[in-house]
Amino acid sequence: MYVEVQHPCIQHKLALLRDAETGHKRFRELATEITMFVCYEALKHVEVEQVNVQTPVAIASCQKIANDIVVVPILRAGVGMLDGILGLVPTARVGFLGMYRDEETKKPVEYYNKLPSDTTDALYIVVDPMLATGGSTVAALDAITGAGVEKAIVVCIVSCPEGIQAVERSHPDIPVYTASVDECLNEKKYIVPGLGDAGDRLFGTR
Ligand code: PRP
Ligand code: URA
C-alpha cells in the first residue's frame with residue numbers, strides 16, 4: 001500500500017528540490033520541509049489515547065499519540081529527513097541503519113546498525129529520500145522486523161513503481177508515504193526524472 005501526498009505545498013517544494021540548479025543549503029532546507037509535510041500525512045492514522053488536561057478554565061478531553069515512535073534514517077541520505085520528522089515528533093527515539101548501494105550490483109550493503117533497545121512495541125518510521133529499486137528500504141525493513149518490530153511505515157520523498165512493488169512484495173503490511181511516484185528507473189537504477197543522487201545533493205559531496 002502506498003500514499004502519494006499530492007498537496008500543492010509539497011509539489012511546489014518538490015519542483016524546487018528536483019531542480020539541478022538548487023544548491024546543497026537550499027536542498028537541505030527543502031528536504032526538511034517536504035519531510036514534515038509528508039510525515040504529517042503519514043501520521044494521520046496513528047493510534048491516540050484520551051487524556052484529561054486541566055486548562056485554566058476547565059478539564060479538556062484531549063488526545064495524545066499512544067505509541068512511542070522510533071525514527072530510522074537510512075544513512076546517509078536519510079539523515080536529511082531527520083530534522084523534518086523530529087520537528088513533528090520531537091520525543092521520537094532515533095535508530096540508524098547504514099546502507100550503501102554497491103556500484104556494480106546496485107544491491108544494498110549494510111555497514112551500520114544501531115536501533116534503540118526495548119522498543120519493539122513502538123511505531124517505527126523508516127526514512128530515506130529515495131525509493132529506487134527498493135533494495136535499501138527492504139533491507140532496512142528486514143532488519144527492524146527481524147529485531148521484532150511489528151508496526152512500521154516508510155516515508156520517502158521520491159519513489160518509483162519498482163521500489164514500491166519491492167516493498168509491497170516483501171512487506172505487504174507496511175505502507176509507503178511518498179511525495180511522488182516517478183516514472184521509472186534508468187539503466188543506472190536512478191529514478192527518472194528523480195532528483196539525482198540525494199546524498200551528494202544533501203551533503204555537497206559531488
Ligand atoms: C541512496 C538512497 C537510498 C538508496 C536508494 O543511497 O539514499 O538509500 O540509494 O536506492 P535503492 O532503492 O535502489 O536501494 P546511496 O546508496 O546512494 O547511499 P548514500 O545515502 O550514502 O548516498
Ligand atoms: N539513489 C539516489 O540518490 N537517487 C536515485 O535516483 C536512486 C538511488
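Order of listing sets the numbers, starting from 1, for every ligand and every atom in it.
Ligand 1 lies out of reach of Lys106, whose nearest heavy atom is not under 4.0 Å from it. The shortest separation from a heavy atom of Thr137 to ligand 1 is not under 4.0 Å, leaving the residue out of contact.
Residue-ligand proximity, Gly134 to ligand 1, at heavy-atom distances under 4.0 Å covers atoms 11 (P), 12 (O), 13 (O). Every atom of ligand 2 with a heavy atom of Ala132 under 4.0 Å away is listed here by number and element: 7 (C), 8 (C). Taking every heavy atom of Tyr100 and a limit of under 4.0 angstrom, the matching atoms of ligand 1 come to 16 (O). Those atoms of ligand 2 with a heavy atom of Ile191 less than 4.0 angstrom away are 5 (C), 6 (O). Listed by atom number, the atoms of ligand 2 under 4.0 Å from Met130 heavy atoms are 2 (C), 3 (O), 4 (N), 5 (C), 6 (O). Taking every heavy atom of Ala77 and a limit of under 4.0 angstrom, the matching atoms of ligand 1 come to 7 (O), 20 (O). Close approach to Arg101 involves these atoms of ligand 2, each under 4.0 Å from a residue heavy atom: 7 (C), 8 (C).
Residue nearest to atom 14 (O) of ligand 1, selected from Ala198, Gly163, Ser136: Ser136 (by heavy-atom distance). When Ala77, Gly196, Ser159, Gly163 are checked for heavy-atom proximity to atom 2 (C) of ligand 2, Gly196 turns out nearest. Nearest-heavy-atom check against atom 22 (O) of ligand 1 across Glu162, Lys189, Met99, Arg76 picks out Arg76. Scanning Asp128, Val79, Leu131 for the heavy atom closest to atom 2 (C) of ligand 1 points to Asp128.
Heavy-atom neighbours of Phe96 CZ from other residues, nucleotides or ligands within 6.0 Å: above the threshold of 12. Other residues, nucleotides and ligands contribute over 12 non-hydrogen atoms within 6.0 Å of the CD atom of Gln11. In this structure, Lys189 places its NZ atom where only 12 or fewer heavy-atom neighbours from other residues, nucleotides or ligands lie under 6.0 Å away. With a 6.0 Å radius and a threshold of 12 heavy atoms from other residues, nucleotides or ligands, Phe203 has its CZ atom above the threshold. Applying the 6.0 Å contact sphere to CG of Asn52 captures more than 12 heavy atoms from other residues, nucleotides or ligands. Residue-environment remark: CD (Gln54) exceeds the threshold of 12 foreign heavy atoms within 6.0 Å.
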- Message: Would Val155 and Val176 count as a side-chain contact (heavy atoms from CB on, under 4.5 Å) here? Give the steps.
- Response: CA-CA 6 Å; Val155 176; Val176 174; over 6 Å; no
- Task: Tell me, with the steps shown, if Arg76 and Asp200 meet salt bridge (Lys or Arg N to Asp or Glu O under 4.0 Å).
- Result: CA-CA 9 Å; Arg76 149 189 79 134; Asp200 284 340; 3.1 Å; yes
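Between Arg18 and Ser180, the side chains place a donor N or O and an acceptor N or O closer than 3.5 Å (distance only, hydrogens not considered).
Scanning all protein heavy atoms for the shortest distance to atom 11 (P) of ligand 1 gives Thr133 OG1, 3.4 Å. Of all protein heavy atoms, the one closest to atom 15 (P) of ligand 1 is Arg101 N, 4.3 Å. Asp197 OD2, 4.1 Å is the protein heavy atom nearest to atom 17 (O) of ligand 1. Regarding atom 5 (C) of ligand 2, its nearest protein heavy-atom neighbour is Tyr190 CD2, 3.4 Å. What sits closest to atom 3 (O) of ligand 2 on the protein, heavy atoms only, is Ala198 N, 2.8 Å. Annotation: atom 5 (C) of ligand 1 to nearest protein heavy atom, Met130 O, 3.5 Å.
Taking 4.0 Å as the cut-off between side-chain N and carboxylate O, Lys64 and Glu49 do not count as a salt-bridged pair.
A distance of 10.0 Å separates CG of Asn186 from CD1 of Ile191, quoted to the nearest 0.5 Å.
Within the 4.5 Å cutoff, the side chain of Thr178 has no heavy atoms near those of the Ile157 side chain.
In this structure, Arg101 fails the cation-pi test against Tyr111, since its NZ or CZ atom is not both closer than 6.0 Å to the six-membered ring centre and inside 45 degrees of the ring normal.
Considering both main-chain and side-chain atoms, Pro129 never comes within under 3.5 Å of ligand 1 through any nitrogen or oxygen pair. Considering backbone and side-chain N/O of Asp200, none are found under 3.5 Å from N/O of ligand 1.
Contacts between Lys189 and ligand 2 below 4.0 angstrom, taking non-hydrogen atoms only, involve the backbone exclusively.
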